Number of protein chains: 2
Amino acid sequence: MKKAEVPGIGFPVPGDGGRTPQYDERFAAVLTTAAQVIADEGYDRASMRKIASRAGMSIAGLYYYFKSKEEVLYLIQFYTFDSLVKNLKDRLDAGSQESAEARIRLVVENHLGHFLRHLPELKVCARELESLKGDAYEKVLERRREYYLITREIIDELCEGSQQQLDSNLAALALFGMLNWVYMWFNPRRHGDLKRLEEQLSGIFIDGIRPR
Amino acid sequence: MKKAEVPGIGFPVPGDGGRTPQYDERFAAVLTTAAQVIADEGYDRASMRKIASRAGMSIAGLYYYFKSKEEVLYLIQFYTFDSLVKNLKDRLDAGSQESAEARIRLVVENHLGHFLRHLPELKVCARELESLKGDAYEKVLERRREYYLITREIIDELCEGSQQQLDSNLAALALFGMLNWVYMWFNPRRHGDLKRLEEQLSGIFIDGIRPR
DNA sequence: ATAGTTATCGAACGCTCGTTCGGGCAAGCG
DNA sequence: CGCTTGCCCGAACGAGCGTTCGATAACTAT
């Protein structure tokens, strides 16, 4: 059976073409395990042997699901940003009548919420973009840019009529800096109160850029 | 001749004990080259062979100056934070009568200024702390904590009397997030105006946390 | 029962890595 | 002059890497 592919990449995608449910389940489970190993040790030190052994299978068994190590990394990053963007769009659609400030809070809430549920994946995305090359790199970059643009448009709206000339591009990058740096210090035991974390960070950012 | 050592670590330090000036010069030059290679390719992919070849010497020659690859990484991070802290202390001493807001601006100015002058080193520090182990990791962490504490004290002062309960710990981490994420998007040609970058970022942060 | 597909494995190949070893060459000093 | 010392090298070693190959059971459809 021919494998379904992401157009223009040649990497397979699960759950979309006659493969068995067991296959899809195992595929997703192995990808989750791989994200944990890569988050813990970094892409280069996370060998296919370690990933296979943590997933309870042989190296050759791993290659039944993924055709290369880079594909594993690509899929983690692609799916992570894909679901990040999809969730954000859903939230923004549901709250489209809200103020720009409320929608920025939605962005922060979405990002940190996803972060808590998929800590290893987010860490991998924050650190390993540059470990991809060629088409895989471009495809992930495209998703990131989409995510960035959605956010920057809200920031543009929030800055409207500000007397200070604030660069919304820089502001968006500052926001992502705050949010993506979280993996460096976050500890579920110390910072488990997600609501509080969201409020503090979005508070700093919103008060920081709001016109006065 | 016995090599001088950082107390408790066992790693050598240049410029402090009877070695020739050529040695110190070459040592520093090789370390700068190593920082460039590691910033470009990541610690694991940056092989000793590549570092040696970019520095114009053989692998074995490299081992005359450094006793392991991890030592190279340690020295880059240790010296970078060392000089970052030293410069910051100097600036803060010179501006000790200034307001907390002005001193936060000094922190941002110092960090980004150092960033522009030592882009590869800062990138290495932002990404490769976890590639260190044991004593080297602890020693670098110690320097980072010192840098963090200096900054957080100023933030504490800036938040004094704020009616909102703002967590200065989170605020400091948010600031470092903004500043350290810069390596992900900074382009000297697009963002060459350092003064403007400093003003925008410190503006966002200060307005974000200042009591109102 | 037979043929084909799915999921898995052990073993190996070729390569790169960090590190070491023994030596060599030039400068400075006795 | 001979000898030490500072600086540097070619070559090698053992380990770990990503990837491939052929084989093997279990299941499914004919």
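Quick caveat: nothing in here was measured; it's all calculated off a predicted structure. Lettering of chains follows the sequences in order, A, B, ..., and the numbering in each one begins at 1. Quick note: numbers below take in every heavy atom, side chains included, and nothing from hydrogens, waters or symmetry partners.
For the pair A:Q22 CD and C:dT8 C1', the interatomic distance rounds to 14 Å; values are reported in whole Å. The interatomic distance linking B:E25 (CD) with D:dC7 (P) rounds to 12 Å, in whole Å. Remark: P of C:dT8 and CZ of A:F66 are 12 Å apart, rounded to the nearest angstrom. Between the NZ atom of A:K69 and the P atom of D:dC17 there is a distance of 8 Å, rounded to whole Å. Note: CD1 (A:I51) to P (D:dC17) measures 11 Å, nearest angstrom. Atom CD of B:E71 and atom P of C:dT19 are 10 Å apart (whole Å). A straight line from OH of B:Y65 to P of C:dT20 spans 18 Å, rounded to a whole angstrom.
Every residue meeting the side-chain contact (heavy atoms from CB on, under 4.5 Å) condition with B:Q36, not counting sequence neighbours, appears here in chain and number order: B:T32, B:R54, B:P120. Remark: A:N87 engages A:N110, A:H114, A:R117 in a side-chain contact (heavy atoms from CB on, under 4.5 Å) (not counting sequence neighbours).
With respect to the salt-bridge test (charged N to carboxylate O, under 4.0 angstrom), the residues A:E101 and A:R105 qualify. Classification of A:D82 and A:K86 as a salt-bridged pair holds, one side-chain N sitting under 4.0 Å from a carboxylate O. The existence of a salt bridge linking A:K195 and A:E198 is confirmed by a sub-4.0 Å separation between a basic side-chain nitrogen and an acidic carboxylate oxygen.
Picking from C:dT6, D:dC17, D:dT19 the nucleotide with the shortest atom distance to the side chain of A:Y63 gives D:dT19. Picking from C:dT6, C:dG18, D:dG18 the nucleotide with the shortest atom distance to the side chain of A:M48 gives D:dG18. Proximity note for A:S68 (side chain, C-beta onward) versus C:dA7, C:dT19, D:dT19: the nearest is D:dT19. Comparing C:dC17, C:dA7, D:dT19 against the side chain of B:K50 picks out C:dC17 as the nearest.
For an aromatic pair to be called close, the ring centres must be under 6.0 Å apart, and B:Y74 with B:Y137 fails this.
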Listing, residues 174-183 of chain B side-chain donor-acceptor contacts under 3.5 Å, not counting sequence neighbours, or none:
unit_1, atom_1, unit_2, atom_2, d
B:N180, OD1, B:H111, NE2, 3.1
B:N180, ND2, B:F176, O, 3.3

Per-pair distances, 0.1 Å, donor-acceptor, side chain in residues 150-159 of chain B, under 3.5 Å, sequence neighbours excluded:
unit_1, atom_1, unit_2, atom_2, d
B:T151, OG1, B:Y147, O, 3.1
B:D156, OD1, B:S168, OG, 2.7
B:E157, OE1, B:R103, NH2, 3.3
B:E157, OE2, B:R103, NH2, 2.6

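Residue B:S47 has a polar side-chain atom (N or O) positioned under 4.0 Å from OP1 or OP2 of C:dC17. Put simply, A:Y64 has a side-chain N or O that comes within less than 4.0 Å of OP1 or OP2 on C:dA7.
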Can you pull every protein N or O that's under 3.5 Å from an N or O on nucleotides 9-12 of chain C?
unit_1, atom_1, unit_2, atom_2, d
C:dC9, OP2, A:S58, N, 2.7
C:dC9, OP2, A:S58, OG, 3.1
C:dC9, O5', A:S58, OG, 3.4

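The backbone N or O of B:L166 lies less than 3.5 Å from no partner atom in the side chain of A:Q200, so there is not a single donor-acceptor pair.
In the region residues 36-46 of chain B, proximity to DNA chain C at under 4.0 angstrom, judged on heavy atoms, holds for B:A46.
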